[in-house]
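None of the values given here were measured: they were computed from a predicted structure. Per chain, numbering begins at 1; letters A, B, ... match sequence-line order.
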Amino acid sequence: MGFSWPWQYSFQPFFTLQPNMETRQKQLAAWCSLVLDYCRHHRLYTLDLQEAQESVLFNNRQIQRKLPSEVVIIVLEELRKKGNVEWQDKGKNRCLVLWRRPEEWGNLLYQWVNKVGLTNTVCTLYELINGEDTVKEEFHGLEEWLMLRALQCLQDEGKAEVFGVGEGQGVKFF
Amino acid sequence: MDRFSWSNGLLEIDETLVIQQRGVRLYDGNDKSGFDSGNLILTTHRLIWRDHKNMVNSPKIVLHLKKALPEQIPGPLGMSQCEYFLKALYDEEYPSRHSGFGTTNKLLLCAQLWQRHLKAVGIVGIERKLEEKRKETDKHISEAFEDLSKLMEKAKEMVDLSKSIASKIREKQGDITDDEVTTFNNSSFLTDSDENHVYCRVNRARGMELLSPEDLLNACKQFEPLNLPVRLRMFDSGVFVVQLHSHNEEEMISSATEQVENADSVTAEEFSKVVGLSVLLAKERLLLAEKAGRLCRDDSVEGLRFFPNRFVEQN
């Protein structure tokens with residue numbers, strides 16, 4: 001299924017940072033949800049700023065408008081404040097896009113665990129990510145670092161315990 | 001036929017005869033012309049037709065022609081019925097020393113000569129023209145310098161004159177007074193004008209007794225304390241504007257927004273044409289409407305355009 005762009009995407013002023021503060025807030029909010037929707041749709045977890053600049057996300061060739069790089073950073077900073085973006089370097093060239101925050105992934109995971117009755121059982125990380133049982137779940141195929149962080153959140157809440165190192169990592173749900 | 005020019009019919013020094021044919025009548029396109037029964041001479045440079053009498057129905061040659069050059073010397077026919085070709089009819093009865101125009105070989109040879117000749121004319125012609133142009137420029141320049149020295153003499157007189165006028169005015173009146181403000185107010189008829197316009201209009205109305213920009217600005221600042229129906233206002237960009245007190249800002253913003261909505265999007269130039277204001281003022285209005293959150297902007301390589309603020313409207 002193709003990605004459905006919001007109406008703003010074909011509205012030229014969307015690509016110019018608006019000087020009016022109220023307008024700018026609305027504009028940035030629209031950009032934030034567009035970035036998250038786009039990454040969710042394409043299941044992207046990282047953005048390379050230089051690449052993103054040229055990608056359709058920030059560059060609408062149909063109306064020949066491109067979001068300037070400084071505005072891209074403003075948008076991503078806005079997302080960082082909400083906990084959806086984490087910079088991977090000081091120069092702000094790469095970032096993680098957490099279109100679902102780790103604790104949200106954790107909740108999703110825990111709901112599933114309860115549904116299928118896996119509490120008090122030990123699972124390997126591999127099973128959770130690639131196992132046949134999780135094929136229909138949204139967290140199937142999730143990147144390992146993100147899965148670990150989701151489990152970490154559950155551990156902090158006392159709902160799980162992560163153990164082991166490297167490929168043999170496992171988790172016990174309570 | 002308009003390609004022909006009058007000539008004495010003599011050959012030039014480096015010009016040689018290629019073929020000639022007697023008893024030739026010229027046709028302008030398909031129409032007979034008055035130039036019949038002449039001698040048609042093809043030279044290395046041109047085609048010459050010389051007057052000579054007697055003519056019957058006979059074979060023809062057709063010449064396909066390019067457009068006449070603008071600098072051509074006037075000829076027998078100013079306008080030609082037929083733009084593209086010329087017919088010449090000749091009588092075979094006349095014996096020809098060079099065996100006539102029927103000989104293709106000679107014609108081809110001549111065509112080559114013509115082409116070479118034309119090229120030479122081209123370059124020589126251009127050089128000659130450049131030379132003429134240079135001479136003319138020289139002449140203009142020396143004339144201009146003469147004018148300039150005369151002008152400087154005149155200017156000296158003008159400066160003296162203006163000095164004397166200025167001192168007279170100073171004697172006649174002191175600083176600007178409230179009275180002056182009122183006079184100025186009466187003489188102007190403003191709805192919404194930027195300070196430059198006001199300055200020009202006021203001074204035009206006053207004729208000789210001109211105001212300085214500072215005086216005018218100070219006068220405008222007295223509008224409010226004097227409770228006059230006009231006000232001076234400063235836009236964010238620093239532009240001063242004199243406008244009627246009744247000129248409602250909200251109204252201005254609404255009408256600007258409406259007009260932008262009708263046009264889909266506008267630049268300051270386009271908007272100035274629609275509302276009949278200067279570009280400067282038109283832009284101020286758009287910025288005002290933007291500041292009020294009614295418009296938004298698209299700043300691209302194509303320039304600054306204003307759009308209805310759909311960001312706010314659609315939420």
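Ring geometry for Phe311(B) against Phe14(A) counts as tilted: the plane angle lies between 30° and 60°, on a 0 to 90° scale.
When all heavy atoms are compared, the tightest approach of Asp299(B) to Thr16(A) is N-OG1, 2.8 Å. In terms of heavy-atom proximity, Cys296(B) sits nearest to Gln18(A) at CB-OE1, 3.1 Å.
For CD of Gln50(A), the number of neighbouring non-hydrogen atoms (other residues, nucleotides, ligands) closer than 6.0 Å is 12 at most. A 6.0 Å sphere centred on CD of Glu258(B) holds no more than 12 heavy atoms belonging to other residues, nucleotides or ligands. Around the CD atom of Gln62(A), the shell of radius 6.0 Å holds no more than 12 heavy atoms that belong to other residues, nucleotides or ligands. No more than 12 heavy atoms of other residues, nucleotides or ligands shown are found within 6.0 angstrom of CD on Glu22(A). Summarising the local packing, NZ of Lys273(B) is surrounded by 12 or fewer heavy atoms from other residues, nucleotides or ligands at distances under 6.0 Å. No more than 12 heavy-atom neighbours from other residues, nucleotides or ligands sit within 6.0 angstrom of NZ on Lys291(B).
Taking CD from Gln12(A) and OG from Ser300(B), the interatomic distance works out to 8.0 Å, rounded to the nearest 0.5 Å. One distance of note links CZ of Arg310(B) with NZ of Lys26(A); it measures 14.5 Å at 0.5 Å rounding.
Residue Gln64(A) touches chain B through its side chain alone, counting heavy-atom pairs closer than 4.5 Å.
Arg65(A) has its side chain within reach of Asp298(B): a pair of non-hydrogen atoms, C-beta onward, lies under 4.5 Å apart.
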